[in-house]
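To start, the structure itself, in structure tokens.
In what follows, every heavy atom counts, from backbone to side chain, and hydrogens, waters and symmetry copies are set aside. Not measured: the values here are computed from a predicted model.
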Amino acid sequence: MRRYRVEGPCPELGMVLAKMTAELAPGEEAVVESRWRYVATDLAKSAGLVRMSVVDVKEGPGGVFEIRVRKLG
């Protein structure tokens with residue numbers, strides 16, 4: 001499973017979304033890691049625009065959010 005990291009605020013999230021859209025095959029899942037809570041919210045709001053869905057959101061150790069997404073076919 002591919003992993004992507006969002007280290008800071010915009011425009012980094014947009015760049016990671018563009019990269020995921022280009023790299024993931026339909027049905028493939030990936031994890032986006034970030035310390036920023038808004039990343040999970042923004043991904044949920046914009047996932048449909050780039051043909052993805054948010055599968056799961058977890059807050060891991062050290063306050064790092066892990067957002068699992070799936071590219072739609």
Side-chain angles (χ1 to χ4, degrees):
M1 182 178 307
R2 294 178 193 252
R3 296 184 88 75
Y4 298 89
R5 192 164 197 61
V6 176
E7 296 286 344
C10 296
E12 190 170 344
L13 177 57
M15 293 185 317
V16 167
L17 266 175
K19 188 173 183 180
M20 288 189 327
T21 301
E23 293 180 352
L24 297 177
E28 188 176 1
E29 292 187 359
V31 172
V32 178
E33 299 174 337
S34 182
R35 291 189 181 276
W36 298 81
R37 181 180 300 274
Y38 86 89
V39 169
T41 305
D42 283 359
L43 268 176
K45 289 178 183 176
S46 60
L49 298 173
V50 291
R51 301 204 37 83
M52 292 197 193
S53 65
V54 175
V55 177
D56 190 31
V57 178
K58 293 184 197 174
E59 186 172 356
V64 175
F65 291 90
E66 293 184 345
I67 305 104
R68 191 165 46 116
V69 297
R70 178 182 301 126
K71 185 168 185 178
L72 302 174

- Query: Under 4.5 Å between any side-chain heavy atoms of Met20 and Val32, yes or no?
  - Reply: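 Side chain of Met20 against side chain of Val32, heavy atoms only: contact under 4.5 Å found.
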- Message: A side-chain contact here means heavy atoms from C-beta on lying under 4.5 Å apart; do Met52 and Thr21 qualify?
- Response: yes
- Glu23 and Glu28: side-chain contact (heavy atoms from CB on, under 4.5 Å), yes or no, with the steps? CA-CA 10 Å; Glu23 293 180 352; Glu28 188 176 1; over 6 Å; no
Can you list every ring-ring contact (aromatic ring centres under 6.0 Å, His included) pair that touches [range], not counting sequence neighbours?
range: residues 49-73; value: none
range: residues 25-46; value: Trp36-Tyr38
range: residues 1-22; value: none

Taking only residues two or more places apart in sequence, or in another chain, which ones meet [X] in a salt bridge (Lys or Arg N to Asp or Glu O under 4.0 Å)?
X: Glu59; value: none
X: Arg68; value: Glu29
X: Arg5; value: Glu7, Glu33

- Heavy-atom neighbours of Arg2 CZ exceed 12 at 6.0 Å: yes
- Query: Do Leu43 and Val31 share a hydrophobic cluster (ILVMFWY, side-chain heavy atoms under 4.5 Å, transitive)?
  - Reply: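 Cluster IDs for Leu43 and Val31 differ.
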- Message: Measuring from atom CG of Leu13 to atom OG of Ser34, what distance do you get when rounded to the nearest 0.5 angstrom?
- Response: 8.0 Å
- Task: Please name the pair of heavy atoms, one in Pro26 and one in Gly73, separated by the smallest distance, quoted to 0.1 Å.
- Result: CB-CA, 3.5 Å
